[in-house]
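All remarks here apply to the structure that follows.
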Amino acid sequence: MSSAPGSIEARLVRRLSLTLAGTVLLFAAVYLFLANDASYHAVEETGETLPRIAAAIHPTPDGKFAFNKKAVEAAIGHVAGAQYAATDNATGTPVIGSDPAIVPHLIHKLPTEQFTSKAIDVPGGLRIIHSERETVGGRVWRVALSWPMSQAQIMTIGLKHELQDELLPGVVPVLLLAIAVSWVTIRLNLRPLRRASAEAQAVSVDRPGQRMTKDGMASEITPLIDAVNRALTHLEDGIAWQKRFMANAAHELRTPLAVLRARLEGLPAGPDRDVLLRDIDRIGRAVSQLLLAARLQAHQSGETERLDLARFVRGIVADMAPLAHARQRDVALRIDHAPVVQASSTAIESAVRNLIDNALRYTPPGSAVTVRVGAPARIVVEDRGPGIPKELQERIFDPFFRGREQAGDGAGLGLAIVREVAALHGGRVGAETAPGGGARFTLELHALSGPAAAEPKRASPAPQPRPAPASISAA
Amino acid sequence: MRLLAIEDEPELGRLLTSNLGRLGLAVDLAGSLADGRSLLATCSYDLILLDLRLPDGSGLDLLRQLRAARNETPVIVVSAADAVEDRVTGLHEGADDYIVKPFAIEELAARIRVVLRRPGRALGTTLESGNVTFQTISRTVEIAGRGVVLPRRELGILEALMRADGRVVTREGLEEAVYSLEDERQSNVLESSISRLRKRLQSEGATIGIRVVRGVGYRISEAADTPETLEAEP
């Protein structure tokens, strides 16, 4: 599992790695710079040079020892300003080397260890001196080679030795380990943040009470979590209030209408009563539309579920057919395709009902409204009415638009609700005049791929007409 | 036949009682869940009209209690809430139907009839539509008072349609009602049976007809609103 390039984890790991890698590179650069320094080579080669100097010592006829200067020059020729000397390890007798004036100093400074490298301050200035015991012809010599060196060069060499011997072998693995440990640490510390973001993703209006947890969260993040949780509480309170308000509004508006209607129904039949009943039904529809529009605006359309659109629409058509017949109209369904959609059944039912209701109002008596369900997830409702002029085909979905109707029926929100429902599902609705002359409304939703769900999880509101013929036992 | 209406709005309760009474349905009225429970404890009702928002609780609680106690008295929820969730919840909890206020009394009466026409319910044995009577026990049909002998399939179709009382019965619903498992389900068999039944109803002078809802199913309708032109097959 790798983290996204913009994540905190990636950023921290990237920066830390860059810093550490930069450090390593810096060390490496210093090392390479030092390695290229001429004096470094000189120093390095004394290991070879000292035995050659020792080999150049030869006995003189007077029983002393002297250097074969030519041989020594050959050995140390490449070291600028080099001086050399030797003493007999057993007797301390010096062998005069390059410059007799330097020799006492060299001898004086000669260390006693096997191999020594040190800086000495002599009248000629700072020098570096290397010495080693060399055995030549059964005699042990302490041989010394010295050459001038500036303070900076001496420090450089020291640094180089430090790098080579201690830092590089020790520090690089530690650095690499540090990168690895940092990465793991960052990952572990970001885990609560990942969980928090998963929790935040799961928060939904449909599932109230979801909160982000603070377990294991860094103290810098907990105030954010608290703030988000507080905001969620406020939001849910608001939604709950709104739901209560809507329920109360529905009750307060509809109960008096129900009383009024029942009262009228108790009166003797007559043309006045019928007109009043129609008026009440109109108010009732307006109330329903307003309540529904308000609910949709507040996204209170409920949870979405997998809907077998053909089956669902068939239920609605079955439910509305008696009403159509009572109005001397017919309604027919054609299923060209059986799409499955993820949708709010509440909202879709309202939209389809409104489209059919609208079509029934415009189709002339004796004609039929055709409902089609097609691919990919399309519901087409067509009437045999006068059609819709081009300039109204958009505006007809505006709330309270009255262009097509002589006398309002409902609150003028029916088609606005359809558009709202379409938008809520990421779909669209359009109106046009069909080739046959009537109005054609097309509601497009997004089809889910996969097999049609046999049955939505909860009972759909209108999957089947209300009587349950399945329960009838045939003779 | 006796109905119980649990409705806390007194005026609506009174009007409901009198309006349904005029349609031949006797209704007892309870103004609260408690009243409703005490009436249910003493009397037996054929159907309950249940408001959801009551002064002493939700009608859904009573519905749940009834169903938990295996009391299968049909319940029609009568509510001002029409959010489909409310409706679905009501039906899910065991209500037989759901009607939103304000409603036409004929609509409520029709729904009551449909619910009561189910097998085993108060109107489930003698089905009446127009001048057609269907005795579900003896499986005999009378049209305008004269006995009419119908083949088995046509009887099944007529019974299913009459139980639905004007509501649409889907093709699948009719097929299930008509064919037992061993029958072959041939798509044209249903259509020809319905066609024969329709002609028979007409020739016997029935005041009801069978109306097709293309692509959906069939319903019983008053013969008057069954134009010939719309009798095409679905």
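Below, chain A is the first sequence line, B the second, and so on; all start at residue 1.
Residue B:V78 does not touch chain A at all, counting heavy-atom pairs closer than 4.5 Å. Residue A:R334: no heavy atom, backbone or side chain, is found under 4.5 Å from chain B.
With values rounded to the nearest 0.5 angstrom, A:L260 atom CG is found 10.5 Å from B:E11 atom CD. Note that CG of B:D51 and NE2 of A:H251 are 6.0 Å apart. Values are rounded to the nearest 0.5 Å. Atom CZ in A:R261 sits 9.0 Å away from atom CD1 in B:I105 (nearest 0.5 Å). Going from atom OG1 of A:T255 over to atom CD of B:E7 covers 7.0 Å, rounded to the nearest 0.5 Å.
More than 12 non-hydrogen atoms from other residues, nucleotides or ligands lie less than 6.0 angstrom from CZ of A:R440.
Residues B:R211 and A:R329 come closest through the heavy atom pair NH2-O, 3.8 Å. Nearest heavy-atom pair across A:A262 and B:N19 is O-ND2, 2.9 Å. Contact detail for B:E9 and A:V259: the closest heavy-atom pair is CG-CG2, 3.9 Å. Closest heavy-atom contact between A:L333 and B:V216: CB-CG2, 3.7 Å. Taking every heavy atom of both residues into account, B:P102 and A:G284 meet most closely at CG-CA, 4.5 Å.
Side-chain atoms of A:T370 and B:R214, non-hydrogen and from C-beta on, never get closer than 4.5 Å to each other. A heavy-atom distance below 4.5 Å is found between the side chains of A:N248 and B:R53.
By the 4.0 Å N-to-carboxylate-O rule, B:E172 lies close enough to A:R314 to be salt-bridged with it.
Taking B:G124, B:G166, B:G13, B:A104 one by one and counting their heavy-atom pairs under 4.5 Å with chain A, the maximum is reached by B:A104. Across A:P256, A:A321, A:A258, A:A247, the residue that shares the most heavy-atom pairs under 4.5 angstrom with chain B is A:A258.
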Only distances under 3.5 Å count here; give the side-chain donor-acceptor pairs of residues 268-279 of chain A to other protein atoms, sequence neighbours excluded, each with its distance to 0.1 Å.
residue, atom, partner, partner atom, Å
A:R273, NH1, A:E265, O, 3.1
A:R273, NH1, A:L267, O, 3.2

